[in-house]
Amino acid sequence: MIDLSRPALDVAPHLLGAIIRHGPVSVRITEVEAYMGLVDPASHAFNGPGGRAAVMFGPPGRLYVYLSYGIHHCINVICSPDGVASGVLLRAGEVVGGNQIVRDRRGPKAPDRKLASGPGNLGQALGVELADSGMALALDGFAPPTDGTSSDWSLEAPSAPVAARITTRIGISKNAETPWRFIIPGEPTVSGRRH
DNA sequence: CTTACGATTGCCT
DNA sequence: GGCAATCGTAAGG
């Protein structure tokens, strides 16, 4: 069981190899980035708990979903204790369940390895919407909460430790030199640069 | 109220 | 490698 009440920077490498599921679709995570809230100018939570990132200041184990460039819905797993903001952006993965549904969502032109490669593509593969922001993940088969934050999302820790390579984050202008991106070496589903 | 901007992607040259 | 698409937010008047 992954302890999501720790800071995102500590949690991020442990999410590599984990399985996130939404309904019939399951994805094995191969690329993530940590966003560290109030101490990270690149984080949507940098300016405090107002606005779209307010949910990041809530309890860990929920989703923070945002719209990128008016088109793409990107998924974060919220970390740190209630009242502290940090989160892990899920950037890429390998589709391991619901392959036909993902193919229908992503269209016929996408190569298999790109079905969930890149944060927008991963979100589309999992069928995430803005309304999923704040929803709770059921962890490792444990029952989801009964407080209204439950939907059909779950997260399973990897069965064995997974190798991680650390790099700088992708697509940001602030705090861009900080090495808070984690990838599984050699994974063909990783988006962007591999070092 | 008005305007500018992305934690991106895919198509074009 | 360059760049347009597209819309919820955030910033500005």
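All chains are named by letter (A, B, ...) in the order of the sequence lines, taking the proteins before the strands, and each is independently numbered beginning at 1.
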Parallel, tilted or perpendicular: rings of A/H44 and A/Y66 (30°, 60°): perpendicular
Expected output: side-chain A/R21 to main-chain A/G23 donor-acceptor under 3.5 Å: yes
A/R103 side-chain N/O to A/A110 backbone N/O, donor-acceptor pair under 3.5 Å: yes
Pairwise side-chain contact, A/S43 with A/M56, heavy-atom cut-off 4.5 Å (strictly under): yes
Close side-chain approach of A/L4 to A/I78, heavy-atom, < 4.5 Å: no
Test log, rule salt bridge (Lys or Arg N to Asp or Glu O under 4.0 Å), inputs A/D40 and A/K174: CA-CA 8 Å; A/D40 180 7; A/K174 303 168 206 164; over 6 Å; no
Consecutive-pair stems (at least three Watson-Crick or G-U pairs, under 3.5 Å) that include DNA chain C: B:1-6 with C:7-12, B:8-12 with C:1-5
Donor + acceptor pair across side chains of A/R193, A/T168 (<3.5 Å): yes
Whole-Å P distance, C/dT6 and B/dT2: 22 Å
Separation between CZ of A/R91 and OG1 of A/T189, rounded to the nearest 0.5 Å: 12.0 Å
Which atoms of nucleotides 11-13 of chain C (N or O only) lie under 3.5 Å from a protein N or O atom, and what are those distances?
none

Protein-to-nucleotide contact annotation, 5' to 3' order, nucleotides 2-13 of chain B [B base; S sugar-phosphate only; - none; under 4.0 Å, heavy atom]: ----BBBSSS--
Identified side-chain contact (heavy atoms from CB on, under 4.5 Å) counterpart of A/R105 within the set A/L115, A/V25, A/N121: A/V25
Backbone N/O of A/A8 and side chain of A/S86: donor-acceptor pair under 3.5 Å: yes
